[in-house]
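Here's the structure we're looking at; comments come further down.
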Amino acid sequence: MPYGVLGPTLAGPATAAGGARLRALLARLLLDAGRVVPLPRLIDDLYGDEPPAGAVNAVQSNVSRLRRDIPITYDGSGYRLEAEPDEVDVHRFTRLAHAGRDALRAGDFATASSTLTDALALWRGEALADVRSAPFAAAAADRLEERRCQAVEDRIEAELHLRPSADAAGELRSLLASSPLREHTWALLMRSLAAGGRPAEALAVFQEARRVLADELGADPSAELSAVHTAVLRGDTGSTGLRLPAQLTSFVGREEELARAGEALRSARLVTLLGPGGAGKTRLSLEVAARQPGDAVLVELAATGPQDVARAVLDALGLRGTGLRDRGAGPETVDRLLAALSTRELLLVLDNCEHVIEAAATLTGRLLAACPGLRVLATSREPLGVTGEVRMPVTGLPVEAGVRLFTERGAAAAGFALTSQDEDAVRRIVRTLDGLPLALELAAARLPVLPVDELARRMDDRFRVLSRGSSTAASRHRTLQALVAWSWDLLTPPERLLAQRFTVFNGGGGLDAVEQVCGLGDDTLDVLDGLVSKSLIERDGARYRMLSTIRAFCAGQGPAPIAEHAAYFLALARTADAHLRGPDQLAWLDRLDADRDNLHAAIRHGPDEIALRLVAALSFYWWLRGARGEASALARELLDRVGPVAPPGLVEEHVLCKLNAGLSGPFQPHPARYLETLDDPPTQPFLLYLSAFAAGPPTASYDDMVELQDSVRARLSNSPWSVSLASVGSGWIAVFRGDHEWAGREFARALVGFQALGERWGTMLAQSGLAELAVARGEHEAARAPMDEALRLAAELRSQVDLAEMLRSRADARLLTDDPAGAAADYAESMSLATACGAPEVVASSRLGQARLALQHGDHATARALARTALAECPTGWYTADGVRQTIMLTLGRAAEAAADPAEAAHWYRQVTPGAAGPDGANIAAEAASALAALENPN
């Protein structure tokens, strides 16, 4: 659900951010999503009977913050959150709960069970869990809890009709523990126990219910409870003829698959659960079958040969013959099956069909054609290929469900209890093992001898660690190695070769990549189809991937084509890089996103020459995606391999590698001086920007700037993008030197150039420059339109670094226009984005803005503390970062002076030296010198 209140408040895929009041406002609007909530009611619900004087403004301010990410409208009387009911978990739950109850009343128990299961799966914890202190929340949460309890009762009621058993007894007792006066729950518990063959316990429950009702209400049991009591006494348990094995462990985390498979069996007669070994297909099939009306029979085929499939079905049905002749698999066996099933309503569960696939498919086809009351639920690692087959993939559990399964099995094996300290380790185990239930159970079985953090650390050696399972399990399920080897042994030689070579991909790959890298020529597509059919490789849209456990096994079967992989992704990166500076920018960003893991693996493991070229080709992409931390780490690793001297013919690539490496530390020596040696545009035009970011423009006097700019344009004339970028650079130089007319011409020239190319990032830079120029002129209203457009483009690009910088810039403008609340919000959001994407100089400049905001309000102590923190976290060795440091020291001086501490103020002013670095270094140095002179000569 995009939005939710059935647990911590959700706004998108994650828990809503912000303080308690902001989340309470969002939760209150979600309860009436799509409807107007009048402002007076909102204030009452959020503040109670005595709201503070500023409540209206506070609500309006919080709505403004929410509107950045959430569609909220105002109609003059109140606010409405614009969302479809099914986008909000509480409204979807209410609809499904009503639909499930209607199906229950109509006698459609399968639909009721499926629908109510879907409804209850929307609950993530207590309703309104993180806003319970809000005045409206307690009563609303109680109403929702009552609806949840009713839905649980309805679902159990439906399942008792489908599969009378005691499976729900524990859940019903938990319900009664919190709501002991629910008589219908007591009745369901009695029915469940009786259906499970435990009538004595059911009668004891009746006595317990009678005592509770008498003690609490002074009342006798209801007519419903009395009727169930009578039925139990008469031995009327309503049991059916299901013939499925009882399960020894709980069933975790397959609610969606249960519902889909159940729905498929209502409309199709053959459903095949497809997935890799250990995915839990067998257990899922038993749970699905148990929820179907009528009889169901399990046929285990794992130890059966192709000639014995029909005999295995006959034996499972209890139709064994007595003569020696009956042990064969001749035509008479199939004839007996046809005769036995021709008039019978039955669900046949055929488990583990993959190694007898042809025999299982042939028999299934014959039985379905001749027996109209028969349905088949099969499990296999490849489809049966029978007409009418519905194929349903089964993969690993989601992380949360995997954590639950591991915890439950660990509790049984070693008394393991999940703590907050263990959560990260357990999540690592679940992700490493792809959420495969069998692998998680094997891992949990190691907890008696390995602490969970050590178990997580050893997952890289998973086949050795997970080498001991249940002694009662089939041999292929006792170790992780045996589990995957079972699938490997079923492959043809070409399939084994492709599976082995496919392991070179990180995060999967597209068909073109598989065909070019894996080297099977024209046969690649057919062999790949075989591996997909056998669940060794999964297709995800237009891409193919391999579970990490299967990948680890296949990687051990032979070498991977590492050089071919690196060469392919270098070609992709170069093609994409050219498109990143044009109108197809967004599409190619997404294309590179899809293969980010492959691109980074090619840098780490490919030949050094290709790796250097890849770093160069990806530099602009990394910047646009705010991946400075990743870029720096990869570049540093590569420099450690390559060394400080560029290989022949790779000087520019080596410089770019140094520049990227320096994004997380100072440059030694500074590589940006390389530009001064160029006569032609660099092969990677983004080198111009990275160089200016790191070292600033070439030194020149004001009188030389026009000549220098003409010289730069002449050298870059073959690259329109570079020419426009140079105009942005000269525009900023002009701004800081006070020549606003020249700056305006340069930014306008850049805007025209980038718009002609259809390039969003450059257009964003030009618009931002125009906005900053308007602020410098004091034309704050004129700055709004270009700043809004720059922010829009940054958001469209998902360029987190630039979005953080734009927000910081807008906050500075708001500070100058007496909008402290807007400035504070922008500074906070800028810091959050910059922290996430590894831009410490933007974090520092935003924190500096907060210090200036505090200073503006007379809070000298806070201003000084924030500015000192900003100085400590601001990096050195970059042109832009050094400028931030100079501004911080100037601000520290101003704060100390405002706090009547002239000695400290003078100390900080002296730190801002003449010729200070940074874009506005000259102006900052002049201001510091003037302030220092005023302190030293007060007259």
What distance do [X] atom [atom1] and [Y] atom [atom2] have between them, rounded to the nearest 0.5 Å?
X    : Y    : atom1 : atom2 : value
E746 : S727 : CD    : OG    : 4.5 Å
L81  : L66  : CG    : CG    : 8.5 Å
L592 : L580 : CG    : CG    : 6.0 Å
L638 : L634 : CG    : CG    : 8.5 Å
N506 : H605 : CG    : NE2   : 6.5 Å
E796 : E789 : CD    : CD    : 8.5 Å

> Passes side-chain contact (heavy atoms from CB on, under 4.5 Å), E653 versus E609? Steps please.
Replying inline: CA-CA 9 Å; E653 289 80 0; E609 178 182 341; over 6 Å; no
>> Distance alone, cut at 3.5 Å: any donor-acceptor contact between the side chains of Q516 and D512?
In response: yes
>> Could you go through R625 and D590, starting from their C-alpha distance and side-chain angles, then the distance that decides it, and tell me whether this counts as salt bridge (Lys or Arg N to Asp or Glu O under 4.0 Å)?
In response: CA-CA 10 Å; R625 280 297 185 243; D590 289 342; 3.5 Å; yes
Non-hydrogen atoms of [X] and [Y] that approach each other most closely:
X    : Y    : answer
C657 : V615 : CA-CG1, 3.9 Å
Y3   : A11  : CD2-CA, 4.1 Å
D595 : G508 : OD1-O, 3.9 Å
A661 : A635 : N-CB, 3.6 Å
A617 : A573 : CB-CB, 3.9 Å
D597 : G507 : OD2-CA, 4.3 Å

A side-chain contact here means heavy atoms from C-beta on lying under 4.5 Å apart; do [X] and [Y] qualify?
X    : Y    : answer
L853 : P820 : yes
N598 : H565 : yes
L797 : Q585 : yes
N660 : L690 : yes
I70  : E82  : no
V517 : F505 : yes
R636 : L639 : no
S619 : L687 : no

Verify the ring-centre separation between [Y] and [X]: is it less than 6.0 angstrom?
X    : Y    : answer
W742 : F747 : no
F686 : W622 : no
W623 : Y689 : yes

> Using the ring of each side chain (for Trp, its six-membered ring), is Y74 parallel, tilted or perpendicular to Y79, with breaks at 30° and 60°?
Replying inline: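 Taking Y79 first and then Y74, their aromatic rings sit tilted (interplane angle of 30° to 60°).
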> Should the ring pair W588 and H579 be called parallel, tilted or perpendicular, given that the plane angle runs from 0 to 90° and is split at 30 and 60?
Replying inline: parallel
Considering only NZ, NE, NH1 and NH2 on the basic side and carboxylate oxygens on the acidic side, decide whether [X] and [Y] come within less than 4.0 Å.
X    : Y    : answer
R596 : E630 : yes
D593 : R798 : yes
R894 : E927 : yes
D577 : R613 : no
R792 : D788 : no

> So which pairs with a foot in residues 820-843 pass side chain to side chain donor-acceptor pair (under 3.5 Å), sequence neighbours left out?
Replying inline: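 Found R68-E829, R628-E841, R810-D826, D812-Y827, R814-D826, S830-S846.
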>> Checking the side chain of T891 only, and the main-chain atoms of T887 only, is there a donor and an acceptor separated by less than 3.5 Å?
In response: yes
> Does any N or O in the side chain of R749 come within less than 3.5 Å of the main-chain N or O of G731, such that one atom is a donor and the other an acceptor?
Replying inline: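 Not at all, since once roles are kept as given, no pair shorter than 3.5 Å links the two residues.
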>> Working note: L25 + L29, criterion side-chain contact (heavy atoms from CB on, under 4.5 Å); need CA distance, chi angles, decisive distance, verdict.
In response: CA-CA 6 Å; L25 171 62; L29 292 174; 4.1 Å; yes
Decide if atom [atom1] of [X] counts as having more than 12 heavy atoms of other residues, nucleotides or ligands within a radius under 6.0 Å.
X    : atom1 : result
D818 : CG    : no
E84  : CD    : no
R80  : CZ    : yes

Just list the side-chain donor-acceptor pairs under 3.5 Å for residues 762-776, sequence neighbours left out, or say none.
unit_1: T763; atom_1: OG1; unit_2: E759; atom_2: O; d: 2.6
unit_1: E772; atom_1: OE2; unit_2: S809; atom_2: OG; d: 2.2

